[in-house]
Structures are given as structure tokens and as C-alpha cells.
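Scroll down for the structure; my scribbles are underneath it.
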Amino acid sequence: MMRTITYQIQEVSDKEAEMQIREFIEERKKKITKSFNVLDIYTVLHLPPEQTNKIMMKLEKEGIVSESE
């Protein structure tokens, strides 16, 4: 039997999405596991991938986050 998973994406302004992502990052910095990937943001915050990627690129340029391999 196949199960269907429904996933709702919230529609917020870029400014609101950036604020949510910054708060998410700050919370992660307080925890033992400080690393995360963009999929964590998608699943926890329910933001659209395109919007999240745009904001993450901005935060990377600001030195807030860095890409690791």
C-alpha cells in the first residue's frame, strides 16, 4: 500500500523568511550539533526551496553560513 504525504509550504515575504532562517541558525548554534543542511530548513520551516536558496546564498556572502562538503 502506498502512503501519500502532504507537505504544506508557507508563503511569506523574503524578509519574513530570512528572519525565520536566521532564527533557525541561531537555535542550531546553541545546540551541540551546529551543522545542518538546507533540507533541514525546508522541512522545519516549510519555506519554498527557491526562496530558501536565495536567502542562504545571501547569508553565505555575509559570512553567516558556509558550505561544507
Side-chain angles (χ1 to χ4, degrees):
M1 177 191 329
M2 280 184 75
R3 293 187 317 185
T4 301
I5 298 174
T6 304
Y7 185 80
Q8 284 192 287
I9 295 179
Q10 60 172 326
E11 294 182 25
V12 296
S13 68
D14 285 351
K15 186 174 182 174
E16 174 66 22
E18 183 175 338
M19 186 178 77
Q20 289 182 25
I21 291 171
R22 286 179 183 271
E23 288 174 2
F24 175 86
I25 292 168
E26 285 303 314
E27 285 299 314
R28 283 297 173 117
K29 286 182 178 180
K30 293 176 186 176
K31 295 184 178 189
I32 295 170
T33 305
K34 296 181 181 192
S35 65
F36 62 91
N37 67 45
V38 76
L39 292 176
D40 295 329
I41 294 174
Y42 299 151
T43 57
V44 173
L45 300 179
H46 305 280
L47 295 170
E50 300 83 12
Q51 186 179 40
T52 300
N53 290 339
K54 179 172 69 173
I55 293 167
M56 292 302 289
M57 288 181 0
K58 176 183 178 195
L59 296 178
E60 187 174 8
K61 287 178 185 173
E62 293 178 13
I64 305 292
V65 296
S66 63
E67 187 174 347
S68 64
E69 297 187 17

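- The CD atom of Gln51 lies 8.5 Å from the CD atom of Gln10; values are rounded to the nearest 0.5 Å.
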### Task
Determine, stepwise, if the pair Arg22 / Ile55 fulfils side-chain contact (heavy atoms from CB on, under 4.5 Å).
CA-CA 10 Å; Arg22 286 179 183 271; Ile55 293 167; over 6 Å; no
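- Residues Val12 and Leu47 have side chains in contact (heavy-atom distance under 4.5 Å, counting atoms from C-beta outward).
- Residues Phe36 and Val44 fail the side-chain proximity criterion, which asks for heavy atoms closer than 4.5 Å.
- Between Ile64 and Lys58, every side-chain heavy-atom pair lies at or beyond the 4.5 Å cut-off.
- Between Glu62 atom CD and Met57 atom CE the span is 12.5 Å, to the nearest 0.5 Å.
- Rounded to the nearest 0.5 Å, atoms CG (Asp40) and OG1 (Thr52) are 11.5 Å apart.
- Annotation: the span from Gln20 atom CD to Ile25 atom CD1 amounts to 12.0 Å, rounded to 0.5 Å.
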### Task
Please test Glu18 against Leu59 for side-chain contact (heavy atoms from CB on, under 4.5 Å), starting from the C-alpha separation and ending with a verdict.
CA-CA 9 Å; Glu18 183 175 338; Leu59 296 178; 4.3 Å; yes
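- Residues Gln8 and His46 are not in side-chain contact: their nearest non-hydrogen atoms beyond the backbone lie 4.5 Å or more apart.
- Salt-bridge check for Glu26 with Lys30: failed, with every basic side-chain N at 4.0 Å or more from each acidic carboxylate O.
- In this structure, the separation between NZ on Lys61 and CE on Met56 is 13.5 Å, given to the nearest 0.5 Å.
- Side chain to side chain, Asn37 and Tyr42 fail the donor-acceptor criterion of an N or O pair below 3.5 Å.
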